[in-house]
Amino acid sequence: WTIAQKEITPTIAGISDQQYTGEQITPEITVTADGVTLTKDVDYTVSYGDNINVGENNGSVTITAVSDGNYTFEPVTKEFNIVRQAGKISIKANNAEYTGEAYDAENNIEVTKTGTGDVTYTYYLDAEANTPTTTEDKSGAASEGAAPKNAGTYYVKASMAASGNYGSAESTVASFTITKKALTVTADNKSITFGDEAPTYTFTAKGYVGDDNDSVVNANFACDYTQGSNAGTYTITVTADAANYEITCNPGTLTVEKKQLTADNLTPATNNPTKKEYDGTTELAGVTYQVTINGNAYTVDGTAEFDNKNV
């Protein structure tokens, strides 16, 4: 007696979507025929396609009847979808010094990701990432959500686009600070003549970056000199601040030169002496003069001379 193999038409049950792993995917399958569940390696053997990359019906499994089993059938193939693996991205945003340019993400943000999609950044004023940077706020951003330029503390979130075998992803919020740049402000030395009004004080700054110039500095000056103060030197003190600079201030010097007077500038006092005892000289001591400089009257002590030393 001979028991012949039964000819059947087996069915492979539907296979759920499989997530990309980077390796061949070999899902478990269920095979039935005529209401009976068949047994792997007893009734059939299994082979798999490449089953690696993402795509609709990009995975496949094929069953073939065991040659000396109880059943005979033509090979059956079942396809299934391979879907993207969820992308992952995390970032560390490093502090940077003010440069006059927008914060450089490429050089300052460290990115760790699972996925190949393009990464973009959105910048915020708050840790909750509710308020993106704008052209109207303190950040100096060129557009909404763009990288800040000005000194301060900011927050950034990275978004990775879906690409290839990986899905999109978004990072948690990272904070960073743009620190102020060092700037030296020195009061310029000035020189005037006795009796002049105080000059307009100015400064010279070193350390600007970008397109910055003196207009970004708010400077205030102090000096003890007032119009009519004595000839000599006076310290010009400067204090200054700027949004993006840490400023070191250095003083300058105001030099008040003596005023050169001629006889034409002098008016003799009415109570000056007009005579002296003979002493062999033409000099007459104890003489004072009045002089007016810039509307202010001054008394000058001096001498006068006779045109002849003899009685």
Side-chain angles (χ1 to χ4, degrees), residues 1-94 105-124 127-129 145 155-176:
W1 299 87
T2 301
I3 299 176
Q5 290 177 315
K6 182 178 180 179
E7 187 172 338
I8 60 174
T9 303
T11 300
I12 302 174
I15 302 172
S16 62
D17 290 351
Q18 302 291 303
Q19 189 177 84
Y20 170 81
T21 65
E23 299 178 349
Q24 185 189 43
I25 299 172
T26 57
E28 295 293 328
I29 60 173
T30 299
V31 180
T32 60
D34 300 331
V36 176
T37 300
L38 305 187
T39 303
K40 179 183 176 184
D41 296 328
V42 174
D43 301 317
Y44 64 90
T45 58
V46 179
S47 62
Y48 294 94
D50 288 340
N51 298 1
I52 295 178
N53 293 318
V54 168
E56 185 177 356
N57 294 327
N58 216 32
S60 66
V61 57
T62 300
I63 60 172
T64 304
V66 172
S67 60
D68 56 355
N70 294 320
Y71 302 100
T72 181
F73 56 86
E74 293 297 318
V76 176
T77 297
K78 184 75 171 181
E79 294 179 334
F80 59 90
N81 300 328
I82 300 177
V83 297
R84 286 173 169 146
Q85 183 183 121
K88 296 179 182 178
I89 184 169
S90 63
I91 60 174
K92 177 186 176 185
N94 295 311
E106 182 176 352
N107 290 315
N108 291 316
I109 296 181
E110 301 174 32
V111 179
T112 302
K113 65 177 182 174
T114 301
T116 58
D118 292 338
V119 177
T120 57
Y121 301 97
T122 305
Y123 297 85
Y124 301 88
E128 293 74 28
Y155 304 86
V156 59
K157 184 185 290 185
S159 298
M160 181 181 70
S163 178
N165 294 312
Y166 294 92
S168 61
E170 189 172 80
S171 74
T172 57
V173 177
S175 67
F176 65 93

Between CD1 of I8 and CD of E74, what distance do you get to the nearest 0.5 Å? 11.5 Å
The test is side-chain contact (heavy atoms from CB on, under 4.5 Å); show your working for T26 and N51 and say whether it passes. CA-CA 8 Å; T26 57; N51 298 1; 5.6 Å; no
Give me the atom names and distance for the closest heavy-atom approach of Y124 to A129. CE2-O, 3.3 Å
Would a 4.5 Å heavy-atom cut-off, applied to side chains only, mark N165 and N53 as touching? yes
If you define the side chain from C-beta out and look only at heavy atoms, does anything of N57 sit under 4.5 Å from N81? yes
I'd like to check F73 versus Y44 (side-chain heavy atoms, cut-off strictly below 4.5 Å). Are they in contact? yes
So does S67 get a backbone contact from the side chain of Q5, meaning a donor-acceptor N/O pair under 3.5 Å? yes
Hey, does the side chain of R84 reach the backbone of G164 with a donor-acceptor pair shorter than 3.5 angstrom? yes
Keeping Q18 on the side-chain end and S16 on the backbone end, is there a donor-acceptor pair under 3.5 Å? yes
Between N94 (side chain only) and I109 (backbone N and O only), is there a donor and an acceptor less than 3.5 Å apart? no
Side-chain donor or acceptor of D118 paired with backbone N/O of A161 under 3.5 Å: no
To the closest 0.5 Å, what do you measure between OG (S159) and CD (E170)? 4.5 Å
Minimal non-hydrogen separation, P10 against V31, with atom names: CB-CG1, 3.8 Å
Apply the side chain to side chain contact (heavy atoms under 4.5 Å, CB included) test between V66 and each candidate in T45, V42, D43, T72; give the one that qualifies. T45
Atom CD of E110 and atom OG1 of T112: how far apart are they, to the nearest 0.5 Å? 7.5 Å
First locate atom OH of Y166, then atom NZ of K88, and finally report the distance between them rounded to the nearest 0.5 Å. 10.0 Å
For the CD1 atom of I91 and the CG atom of N108, what is their distance to the nearest 0.5 Å? 12.0 Å
Nearest heavy atoms of S60 and F80, plus distance in Å: N-CE2, 3.4 Å
Single hit among I25, N58, I52 for side chain to side chain contact (heavy atoms under 4.5 Å, CB included) with Y20: I52
Pairwise side-chain contact, S90 with T172, heavy-atom cut-off 4.5 Å (strictly under): no
Take I29 and I15, measure what side-chain contact (heavy atoms from CB on, under 4.5 Å) needs, and give me the verdict at the end. CA-CA 7 Å; I29 60 173; I15 302 172; 3.9 Å; yes
Restricting to non-hydrogen atoms, name the atom on S163 and the atom on G117 that form the minimum distance, rounded to 0.1 Å. CB-CA, 3.6 Å
Got a second to check how far T11's OG1 is from K78's NZ, nearest 0.5 Å? 8.0 Å
What's the shortest heavy-atom distance between K113 and M160, and which atoms? CD-SD, 3.7 Å
